[in-house]
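Written below as structure tokens is the structure these notes are about.
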Amino acid sequence: MKATILSLVLLVTTSAFAQQKSKTQPKPFSAKDKMVTVYTSADSTNLRLAKTDNLKFSDLKQPVERQSCIFVNPDKTFQTFLGIGGAITDASAEVFAKLSKDKQQEFLDAYYSKDKGIGYSIIRTTIHSSDFSSGSYTYIAEGDKELKTFNIDHDRKFKIPLIKKAIQTINGDVKLYVSPWSPPAFMKDNKNMLKGGKLLPEFYQPWANYYVKFINSYQKEGIPVWGLTLQNEPMAVQTWESCIYTAEEERDFLKNYLGPTLKKAGLGDKKITVWDHNRDLMSQRATTILDDPEANKYVWGIGFHWYETWSGGEPMFENVGKVHEMYPNKNLLFTEGCVEKFDAKKYQLWENGERYGKSMINDFNNGTVGWTDWNILLDENGGPNHVSNFCYAPIHGDTKTGELIYTPSYYFIGHFSKFIGKDAKRISSVSSRSNLITTSFLNKDGKVVTVVMNQSDKKITYNLCVGTNATEVTILPRAIQTLVY
């Protein structure tokens, strides 16, 4: 009798455990009989985020040697996707203001609508001026270390109205973070907002208070600030607004001033990102800051740019992966990238878009959660920029003709941002040939998004393989595809 009761108890317990396990563990993904929708942008064609095929999975045959395949395993999941977006700078906002109402709406839809555009969900903006402003400015009077004169009236003319319109277009579901390029001149040892210099120790606290003032002022405008970076490019002496912090100085300013000041002001929930500079030195910066427990507790993530190739060489994607290996609980955020050295004759240079595709695929595959382009809009001269550092944007507004110019970069970014959803999980995605690169995400609705980029000058036919199923796909030379299934 006791044995019978014990058997029943074990049966009930086992059954309950199995039911609980089935609730917590999703069923393995199956591609059987699923349809694949293919979207393509290709060089030397008119294809731009165009729907080019509807395919169906069938049984997978054993791949043979040298066969081109993309192997996707939705059951192997990695980081959670935060979003993709770009920076609303003074330059972007000033150009936007010169567009007609119709073109303004077209522009907003192009970036911030999932249906009509490419579905941006991240906004970066500057704390007072950067090089992409018509001139240098701050929010206080010269020498006002107590910040009594602090006001954001400058931003109310152009920048704040555009940010508000962008947030409205996204329906409010946005991550906005802010970055300073330099403290006010009187707070620095070179007495200049430009050309590097350092924050003087006696102004560490007033400068920390400045962040608080800025965040509170924007939030009073109805603009929710999700996070901030501590300093844009802290190891670059630029001809424009810049400020130098060694790794130790950034660590100490964060743990002794900025972190505690934000917390005391009730802003401890703001996500703080450190470094905000190129991939080359990010390992040393991450180690110095994150190995200090007091500094570490304030850090949400490590931000990085792509300009380490300025003197030649290849992008250092592996450095992103190494930082992710060392600090898997910290987030990696691409905070800035653009194509430099503007030339209006090269608006449609395909290589500019390919730089985005290659970077985004590799950065995501190395653990990056979000990706932020630089200026969302510039004029026909690649500005305005008060030190003539003219660059490209995905969209340019020609202030003479009133037209919007969409560059290849816009479409390359869209192959990711339009299809990967909020809180998607990156999943395993591997290519069998080096001329095809790929990344994949599993959206919360169960749809898989696979991005494939053909780096060669030849058309390639490959098998998209998921578990025991596959479908044959053709990708044009120098093309990027998004496959949704």
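Everything numeric in this text was worked out from a predicted model, so none of it was measured. The basis for the numbers below is simple: all heavy atoms, side chains too, and nothing from hydrogens, waters or symmetry mates.
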Quick one, [X] and [Y] - any side-chain contact, counting heavy atoms below 4.5 Å?
X	Y	value
F78	S428	yes
I152	E221	yes
V212	L262	yes
P315	T309	yes
L483	T471	no
L60	N469	no
L55	Y485	no
L49	F419	yes

Do the ring planes of [X] and [Y] sit parallel (below 30°), tilted (30 to 60°) or perpendicular (above 60°)?
X	Y	result
Y406	Y411	tilted
F364	F416	tilted
W374	W181	parallel

Measure the [atom1]-[atom2] distance between [X] and [Y] for me, rounded to the nearest 0.5 Å.
X	Y	atom1	atom2	value
Y298	L290	OH	CG	14.5 Å
K76	L442	NZ	CG	14.0 Å
I427	S440	CD1	OG	5.0 Å
T89	I376	OG1	CD1	7.5 Å
Q231	L254	CD	CG	13.0 Å
D131	D90	CG	CG	10.5 Å

May I ask you to check whether [X] and [Y] show a side-chain donor-acceptor distance below 3.5 Å?
X	Y	value
R426	T439	no
R279	N366	no
N296	Y327	no
D276	T335	yes

Answer yes or no: are there more than 12 heavy-atom neighbours, outside K322 itself, under 6.0 Å from its atom NZ?
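It does not: K322 NZ has 12 such atoms or fewer within range.
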Between [Y] and [X], is there a salt bridge with N-O shorter than 4.0 Å?
X	Y	answer
E380	K98	no
D173	K114	no
R478	E351	yes
K358	E314	yes

Quick check: closest heavy atoms across S121 and I170, and the distance to 0.1 Å?
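Heavy-atom minimum between the residues: CA-CD1, 4.3 Å.
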Test Y356 against every option in Y392, F334, W371 by the ring-ring contact (aromatic ring centres under 6.0 Å, His included) rule and name the one that passes.
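Looking at Y392, F334, W371, the match for Y356 under the ring-ring contact (aromatic ring centres under 6.0 Å, His included) is W371.
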Derivation and outcome, ring pair (Phe, Tyr, Trp, His ring centres under 6.0 Å), residues H396 and F342
CA-CA 11 Å; H396 286 260; F342 177 78; 5.2 Å; yes
If we check side-chain contact (heavy atoms from CB on, under 4.5 Å) with Y177, which of these qualifies: I123, T229, T125?
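The residue from I123, T229, T125 that satisfies side-chain contact (heavy atoms from CB on, under 4.5 Å) with Y177 turns out to be T229.
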